[in-house]
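Because the structure is predicted, anything quoted here is derived from the model rather than measured. Basis for what follows: all heavy atoms, side chains included, without hydrogens, waters or symmetry-related copies.
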Amino acid sequence: MSVYGPVVKIHPVVLASIGDSYERRNEGASRVIGTLLGTVDKHSVEVTNCFSVPHNESEDEVAVDMEFAKNMYELHKRVSPSEVIVGWYATGFEITEHSVLIHEYYSREATNPIHLTMDCALQSGKMNIRAYVSAPMGVPGKTVGVMFTPLCVKHKYYDTERIGVELLQRTRDAPNASSGLTSDLCQVGKAASRVQDMLATVLTYIEDVLSGKQAADNSVGRYLMDLVNKVPKISAEDFETMLNSNINDLLMVTYLSNLTQAQIALNEKIVACSAEGRCALSVCSRAQGNCNRRADHLLGMASAEQSCSSFHQQHCA
């Protein structure tokens, strides 16, 4: 943990994308690099997305496809205009001389970019995730170098990302096992069970402190005070009335949404049947027209034959 620089907040989708790009790397490539996208404020850098950038790396030189990186960033801006370039990532756990060259390029694309390293090969026994920020060092007027200072890294996720993370945690002990999404009611039940377990832990801690079995912690006490203050002061009867009212509203919205879906499906069926009916009428009309034209043609031929026969009888008899 560093005391200098912003806090780097990384979302799970970024880690998954980096791991996927490492697994799909070209044969013979030792690591992969890419661009980090997100938002920046005064105290933190939030990384919400990323994409890999093709590059070739050897002991003497490194070549990065800058045009590909610019095109990918332009495409990302069309989807998420709020996301900007905040830095770049590389798989591995060390910073090389080539990292300095790549960091110079991203320094032109973003202000004070971060450099994220992720040990996908588990060389240290676990997937270490570290973030750095560069700072110039050296004697003024002489050779100037770059120093990478570590930053504090925290993990942050949205509610939708949390569902995916929980699914991955279920298969942590059995990698070959499969797990699917549960119903909304099951998720509510599991969330209520977790809340009950946490409340039981809090009550056990409070009872141990009151009985003298455990020393009091001021920071824990402040957290508990904030938790108590956030609980609305409402009677049990008013709370039950409010809960029943909200449940009725939810059931009404669910009923109306299902009714709307049924109406849309019925309308689609009616439109499809009407289109098929119009097509059938059009085919019948065309067939009837062809029959009428053929009948007129036959009548014309019969009339011509009768005229010829009459002429022959009058002049050739």
TODO: Please test Y73 against V84 for side chain to side chain contact (heavy atoms under 4.5 Å, CB included), starting from the C-alpha separation and ending with a verdict.
DONE: CA-CA 8 Å; Y73 178 55; V84 298; 4.1 Å; yes
Open item on the list: Can you tell whether the side chains of K70 and E67 come within less than 4.0 Å, N to carboxylate O?
Closed with: no
With a 4.5 Å cut-off on side-chain heavy atoms, are [Y] and [X] touching?
X    : Y    : value
L75  : V79  : no
D208 : T204 : yes
L122 : M127 : yes

- [ ] Please step through side chain to side chain contact (heavy atoms under 4.5 Å, CB included) for the pair E83 and T39, ending with a clear verdict.
- [x] CA-CA 6 Å; E83 292 181 347; T39 56; 5.5 Å; no
- [ ] With side chain to side chain contact (heavy atoms under 4.5 Å, CB included) as the test, would you mind laying out the steps for L116 and V47 before giving the verdict?
- [x] CA-CA 10 Å; L116 183 72; V47 185; 5.7 Å; no
Open item on the list: My understanding is that only residues two or more places apart in sequence, or in another chain, count here; which of them pass salt bridge (Lys or Arg N to Asp or Glu O under 4.0 Å) with K156?
Closed with: E46
Output the distance between atom [atom1] ([X]) and atom [atom2] ([Y]), rounded to the nearest 0.5 Å.
X    : Y    : atom1 : atom2 : result
Y106 : I114 : OH    : CD1   : 12.0 Å
R222 : D217 : CZ    : CG    : 8.0 Å
T117 : I18  : OG1   : CD1   : 9.5 Å
I270 : L266 : CD1   : CG    : 4.0 Å
F68  : T35  : CZ    : OG1   : 9.0 Å
L203 : Q196 : CG    : CD    : 11.5 Å

Is the backbone of [Y] close enough, under 3.5 Å, to the side chain of [X] for a donor and an acceptor to pair up by distance?
X    : Y    : answer
S80  : K77  : no
N267 : Q263 : no
T91  : V32  : yes
S21  : S17  : yes
R25  : Y22  : yes

Open item on the list: If the condition is ring pair (Phe, Tyr, Trp, His ring centres under 6.0 Å), which residues does H98 pass it with, not counting sequence neighbours?
Closed with: none
TODO: Could you go through the side-chain hydrogen bond (donor to acceptor under 3.5 Å, both in side chains) check for D41 and S44 one step at a time?
DONE: CA-CA 6 Å; D41 57 24; S44 64; 2.8 Å; yes
Task: Hydrophobic cluster identity match, V165 and I10, side-chain contacts under 4.5 Å - done: no
Task: Cluster check V14, I129: I/L/V/M/F/W/Y, side chain < 4.5 angstrom - done: yes
Open item on the list: For F239, I'd like to know if atom CZ has over 12 heavy atoms of other residues, nucleotides or ligands within 6.0 Å.
Closed with: no
Task: Neighbour count above 12 (heavy atom, 6.0 Å) for Y157 OH - done: no
- [ ] Give a yes or no on whether the ring-centroid distance for H103 and F148 is below 6.0 angstrom.
- [x] yes
Task: Check against side chain to side chain contact (heavy atoms under 4.5 Å, CB included), M198 and V202 - done: CA-CA 6 Å; M198 289 186 288; V202 170; 5.5 Å; no
Task: Residue pair T241 / N244, side-chain donor-acceptor N/O under 3.5 Å - done: no
